[in-house]
**Q** 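Can you keep this structure in mind? I'll have questions shortly.
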Amino acid sequence: MEYNFKEIEKKWQNYWEENNSYKTREDSNNPKFYVLDMFPYPSGEGIHVGHLKGYVATDIIARVKRAQGFNVLYPMGWDAFGLPAENYAIKTGIHPEITTEKNIGNIKRQMKMVGLSYDWSREINTTDPEYYKWTQWIFLKLFENGLAYKKLLPINWCPSCKTGLANEEVVDGKCERCGTETTKKDIEQWVLKITDYADKLLEGLDDIDWPEKIKEMQKNWIGRSEGWEIKFLVNSKEVSVFTTRIDTLFGCTYLVLAPEHPLIKELDIENRNEVLEYIEKAKNKSERERISEVKDKTGVELKRVKAVNPANNKEIKIFVADYVLSHYGTGAVMAVPAHDERDFDFAKKYGIEIIEVIKGENKKEGAAFIEDGILFNSSEFDNLNSEEGREKIGEYLKKQGKAEKKINYKLRDWVFSRQRYWGEPIPIVHCEKCGMVPASESELPIKLPHIEKYQPTGTGESPLAAISDWVNVKCPKCGGPGKRETNTMPQWAGSCWYYLRYLDNNNKKEIFDKEKEKKWMPVDLYVGGAEHAVLHLLYSRFWHKFLYDLGIVSTKEPFYKLRNIGLILAPDGQKMSKSKGNVISPDQIVNEFGADTLRLYEMFMGPFDQAIGWNTQGVKGVYRFLSKFWDLILECKNEKSSKEIIAEVHKLNKKVNDDLIKMKFNTPVAFFMEFLNFVVGKKEELGKEEIERVLILLSPFAPHFCEELWEKIGHNTSILLEKWPEADSSLFKEEKVFLVVQVNGKVREKVEVDVNISKEEAENVAKENERVKRWTEGKEIEEVFFVPNKLINIVVK
RNA sequence: GCCGAGGUGGCGGAACUGGCAGACGCGUAUGCCUUAGGAGCAUAUGCCCUUGUGGUGUGAGGGUUCAAAUCCCUCCCUCGGCACCA
């Protein structure tokens, strides 16, 4: 009988659906396991084989865990707010709700087509008012707790998407979504105080099992640095600077202010016009220009004004230069050209004095010495090392009220409002009398109104601002005239907490039931792409920690173990993209080879977390394996297997189990292939018990295939009900082993010997071996090394 | 520049704690089968040569060791991330 995957796959997909085979049980007392995929954006193109790689892996884990007796939560949903649906609506006039629904239908079909075992009764959709009601609810909590505030500030603005962006969404000075160069724009924005959680976000990283790479990226993004804030006197006014190198203070020969520094306006500068001109020029530079000019530093001296170095009361020059960032530290720095590369470049260019105050071993001429070392030219602090110097100089200035210890972060607060339509409305009413009034909980959800014109205005207002009967409302507090907030939340809002709603997705009264949260959290395994390292993965940790502080969730971290999916590249080695026309669709592969082949191939390609190019020839190899295996099973008529086969099956069992624990999926597939080759090579049949064991082991990888064979060998219940097998290692204890015989470290022979043979015995066997003798004859044996059951190395002179 | 991951046949990749490098798959070659083959089956397949009881081989060079893809040092390259953060 031929392996007719089309028929089989349809049959079992229907069976699973009819029998609710993948529904999570809430009444079970078995230990829980929560395995989660990063939920997709329902794009019009559906999912490609790259997305599936992660889903298939989690599906395998979910299936194995179920068979091992865990109560598994394995849900799926839709991260459906965002620009593509809105842009599509602008082009076609079709409402995002409609396209979203259609796209969800298509992707859901694809997911079912490959046999993913999601519990669809827990499906969520971030654009569903019943869902975003709770997104808004969390926003209100943030607002109540002072973590959401509105502020006028220069933000990143994408002229193409016509919306403001968060720092995390600007990559290389370009909009993360569309690649357009971003500009700065002063708009009143909603901002979330993620900076309040900087330390908690850092500390939490120690407790979770995440790839080192992602942890590092988050650490760097948060960018904590300890140092001192020092006050410099500038004509009777004070300027604070932040430094991590207070030990170099005696080498500070000038001060630099960022172009935006407020003090500049207050000073009596001789060359005022020149300075203002420079500031104007700096302001007009785009993000990209600033980045590209890193090497060539520019600035203007503020003439007639001087600062005083608090360490030695020397007068020093002051400059304005755009290499100092206004948004970090105090927007002003003490420049120590001898010990800072940037200051060195600048000082060289403008002929400023360079005073060395630190000496060390790796010092090079014509460059700044930036390492720690021993202080000199630093009066009473001479001969201290840098670390001591920092402490002593810091304390010395602190006593005079001129310095204070300070911690700075690179992390900025999260710009949270977008001037677009297709997002969650921010549940705030602006009232002339009462100011910003939050919606009351009973008003939620504040529904997104249906509109005809989706076009962004570009003025910094959302298209919602034009819907007057939606905008104009009564103030919830005083009943007077109020206006709704018309900005919407960013794409990331809904995904910040979706993993919590799966726990209780139909709850109409609360965000979720507390008991359910306690039962299921944290997520035990979270799988998705690394591109979200400082976006979703940081934002959701922030919200989670906030909810933890409110006592709403019981764990400090949402995702205990995280693993990244390596990209699947196109056959040409490039990233798959619609514009390049190199996208491989799962529909195509399933149609030609079947879902089980596709699943197996995606796992077999290579290490899970590595980027690998697609190769349709390789798919055929996996298909051949399934076909041969199919034939083999159906040909077997014997009740019992030989001892050898039994041993091989248990070995396979052990290897598969060992590697699955390590999240290795490519090697188990190879083991199944090796096993098949072994059996075929032996020209022996498999007994029933061994067939069953192998089918159960293979079933998470190729579920339809195994269900069908399970039935064909005489079962009338699903293979899903079978318990996951553990290997019995006593069954594959070898009596004989091949011992590698080396002479001077080179393999010269392999001899079959009894297991656990002693060194002496092995030595005798080896020495008497004809082939070995040819290499040892007439030579003096110096030493013999013996690794039990593996190797013997005879060292001769 | 800094941080992270990596470099093994023609290709994707295996290799536990240092102990037979190249599992498994693709591709290729030869043969069989076939009206036919982009199907199936069998065999071979790291490289080199004088085809042997041979040499050599895991980015390059050095080191430790009886033994190194694996450990140490120096360097090169690729990918990903960050990037004037004082």
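First the proteins, then the strands, lettered A, B, ... as listed; each starts at 1.
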**Q** Under 3.5 Å, is there a donor-acceptor pair linking the side chains of Ser225(A) and Asn408(A)?
**A** no

**Q** Choosing from rG4(B), rC20(B), rC16(B), which nucleotide comes nearest the side chain of Lys790(A)?
**A** rC16(B)

**Q** Please say which of Thr248(A), Asp372(A), Thr244(A) ends up in a side-chain hydrogen bond (donor to acceptor under 3.5 Å, both in side chains) with Arg390(A).
**A** Asp372(A)

**Q** Name the one of Leu537(A), Asp209(A), Ile208(A) that satisfies side chain to side chain contact (heavy atoms under 4.5 Å, CB included) with Leu562(A)?
**A**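 One option only clears the test, and that one is Leu537(A).
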
**Q** Of the candidate nucleotides rG13(B), rC41(B), rC82(B), which contains the atom at the shortest distance from the side chain of Asn666(A)?
**A**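 So the side chain of Asn666(A) is nearest to rG13(B).
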
**Q** As a quick check of understanding, evaluate ring-ring contact (aromatic ring centres under 6.0 Å, His included) for Phe593(A) and Phe5(A), giving each step before the final call.
**A** CA-CA 8 Å; Phe593(A) 300 100; Phe5(A) 57 83; 7.7 Å; no

**Q** Going through the checks in order, is the side-chain hydrogen bond (donor to acceptor under 3.5 Å, both in side chains) test met by Trp492(A) and Glu169(A)?
**A** CA-CA 10 Å; Trp492(A) 313 102; Glu169(A) 292 171 302; 2.7 Å; yes

**Q** Looking at Tyr328(A), I'd like to know whether one of its side-chain N or O atoms comes within less than 4.0 Å of OP1 or OP2 on rA86(B).
**A** yes

**Q** Given the P atoms of rA14(B) and rG6(B), what is the spacing between them in whole Å?
**A** 12 Å

**Q** Closest approach to the side chain of Val740(A), judged atom by atom: which nucleotide of rC82(B), rG13(B), rC20(B) is it?
**A**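 Comparing rC82(B), rG13(B), rC20(B) against the side chain of Val740(A), the answer is rC20(B).
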
**Q** In terms of relative ring orientation, are Phe369(A) and His339(A) parallel, tilted or perpendicular, with 30° and 60° separating the classes?
**A** perpendicular

**Q** Is a donor from one side chain sitting under 3.5 angstrom from an acceptor on the other, for Trp414(A) and Glu168(A)?
**A** no

**Q** Of all the choices, rC66(B), rC82(B), rG19(B), which nucleotide is nearest to the side chain of Val787(A) once you look at every atom?
**A** rG19(B)

**Q** Looking at Lys213(A) and Glu216(A), is there a salt bridge between them, counting it only when a charged N and a carboxylate O are closer than 4.0 Å?
**A**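 No, Glu216(A) and Lys213(A) are not salt-bridged.
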
**Q** Write down the distance between CZ (Phe785(A)) and C1' (rU65(B)), rounded to a whole number of angstrom.
**A**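 After rounding, the reported distance stands at 9 Å.
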
**Q** Counting heavy atoms from C-beta on, name the nucleotide in rG80(B), rG19(B), rA14(B) closest to the side chain of Lys213(A).
**A** rG80(B)

**Q** To the nearest Å, give me how far apart CG (Leu535(A)) and C1' (rC82(B)) are.
**A** 14 Å

**Q** Give me the distance, rounded to whole Å, that separates rU70(B) from rG62(B) when you measure between the P atoms they each carry.
**A** 14 Å

**Q** So, OP1 or OP2 of rA23(B): does either fall under 4.0 Å of a side-chain N or O from Thr667(A)?
**A** no

**Q** Are a donor atom and an acceptor atom from the side chains of Lys6(A) and Asn591(A) found within less than 3.5 Å of each other?
**A**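 Side chains of Lys6(A) and Asn591(A): pair found under 3.5 Å.
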
**Q** Sticking with atom P, work out how far rG37(B) lies from rA44(B), rounded to a whole angstrom.
**A**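 rG37(B) and rA44(B) have their P atoms separated by 24 Å.
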
**Q** Are Ser386(A) and Ile358(A) side-chain neighbours, meaning at least one heavy-atom pair lies under 4.5 Å?
**A** yes

**Q** Give a yes/no on whether any side-chain N or O of Gln617(A) is located under 4.0 angstrom from OP1 or OP2 of rG27(B).
**A**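 Answer is yes, contact under 4.0 Å.
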
**Q** With a non-hydrogen cut-off below 4.0 angstrom, is Lys662(A) in contact with a base, only sugar-phosphate, or nothing?
**A**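 Lys662(A): no heavy atom of the nucleic acid under 4.0 Å.
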
**Q** Is the ring pair Trp630(A)/Tyr3(A) parallel, tilted or perpendicular, if the boundaries are 30 and 60 degrees?
**A** tilted

**Q** Find the partner of rC82(B): check Watson-Crick (N1-N3 plus N6-O4 or O6-N4) and G-U wobble (N1-O2, O6-N3) distances, both under 3.5 Å, and reply none if neither fits.
**A** rG1(B)

**Q** Please give the nucleotide sitting opposite rG46(B) as a Watson-Crick or G-U wobble pair, both distances under 3.5 Å, or none.
**A** rU56(B)

**Q** Answer with base, sugar-phosphate or nothing: what part of the nucleic acid does Asn677(A) contact at a heavy-atom distance below 4.0 Å?
**A** sugar-phosphate

**Q** Can you tabulate the close N/O pairs, meaning under 3.5 Å, that link protein atoms to atoms of nucleotides 47-54 of chain B?
**A**
from    : atom 1 : to        : atom 2 : distance (Å)
rG54(B) : OP1    : Arg748(A) : NH1    : 3.3

**Q** Under 4.0 Å between a side-chain N or O of Arg624(A) and OP1 or OP2 of rG25(B)?
**A**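 No, Arg624(A) has no side-chain N/O under 4.0 Å of OP1/OP2 on rG25(B).
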
**Q** Of all the choices, rC82(B), rG81(B), rC24(B), which nucleotide is nearest to the side chain of Val171(A) once you look at every atom?
**A**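 Per side-chain heavy atoms of Val171(A), the pick is rC82(B).
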
**Q** Under a 3.5 Å cut-off for both contacts, is rC32(B) paired Watson-Crick or G-U wobble with anything, and if yes, with which nucleotide?
**A**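 Matched rC32(B) with rG40(B) under the 3.5 Å cut-off.
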
**Q** Please measure how far the P atom in rC41(B) lies from the corresponding atom in rC48(B), and state the result in whole Å.
**A**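 To the nearest whole Å, 30 Å.
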
**Q** Can you check the distance between rC16(B) and rC11(B), where both ends of the measurement are the P atom (answer in whole Å)?
**A** 22 Å

**Q** Is there, by distance only and without an angle test, a donor paired with an acceptor across the side chain of Lys620(A) and the base of rC26(B) below 3.5 Å?
**A**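 No pair found.
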
**Q** Could you tell me whether Val747(A) contacts a base, only the sugar-phosphate backbone, or nothing, with contacts defined as non-hydrogen atoms closer than 4.0 Å?
**A** sugar-phosphate

**Q** Under 4.0 angstrom, heavy atoms only, what part of the nucleic acid is Lys628(A) near: base, sugar-phosphate, or nothing?
**A**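 Sugar-phosphate contact only.
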
**Q** Roughly how far apart, to the nearest Å, are rG25(B) and rC71(B) at atom P?
**A**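 Nearest-Å result for rG25(B) against rC71(B) at atom P: 29 Å.
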
**Q** For the side chain of Met673(A), counting heavy atoms from C-beta on, which of rG19(B), rC66(B), rG25(B) is nearest?
**A** rG25(B)

**Q** Just the rounded figure in Å: distance from C1' of rA68(B) to CG of Asn793(A).
**A** 13 Å

**Q** Do the ring planes of Phe346(A) and Tyr350(A) sit parallel (below 30°), tilted (30 to 60°) or perpendicular (above 60°)?
**A**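 Rings of Phe346(A) and Tyr350(A): tilted, 30 to 60°.
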
**Q** Using a cutoff of under 3.5 Å, can you pull out all pairs of nitrogen or oxygen atoms linking the protein to nucleotides 9-12 of chain B, with atom names and distances?
**A**
from    : atom 1 : to        : atom 2 : distance (Å)
rG12(B) : O2'    : Met605(A) : O      : 2.8

**Q** Pick the C1' atom in rC3(B) and in rA83(B), then give their distance to the nearest Å.
**A**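 rC3(B) and rA83(B) have their C1' atoms separated by 11 Å.
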
**Q** When you compare rA68(B) with rC73(B), how far apart are their C1' atoms, in angstrom units rounded to a whole number?
**A**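 My reading of the C1' atoms in rA68(B) and rC73(B) gives 15 Å.
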
**Q** When you get a sec, tell me which of rG81(B), rG19(B), rC84(B) is the closest nucleotide to the side chain of Met217(A)?
**A**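 Looking only at side-chain atoms, Met217(A) lies closest to rG81(B).
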
**Q** Look at all strands and tell whether Pro607(A) reaches a base, only sugar-phosphate, or nothing, counting heavy atoms closer than 4.0 Å.
**A**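 Sugar-phosphate contact only - Pro607(A) comes under 4.0 Å of backbone atoms but never of a base.
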
**Q** Side chain of Glu216(A) only, please: which of rG19(B), rC3(B), rA86(B) is the nearest?
**A** rC3(B)

**Q** Under 4.0 angstrom, heavy atoms only, what part of the nucleic acid is Val534(A) near: base, sugar-phosphate, or nothing?
**A** nothing

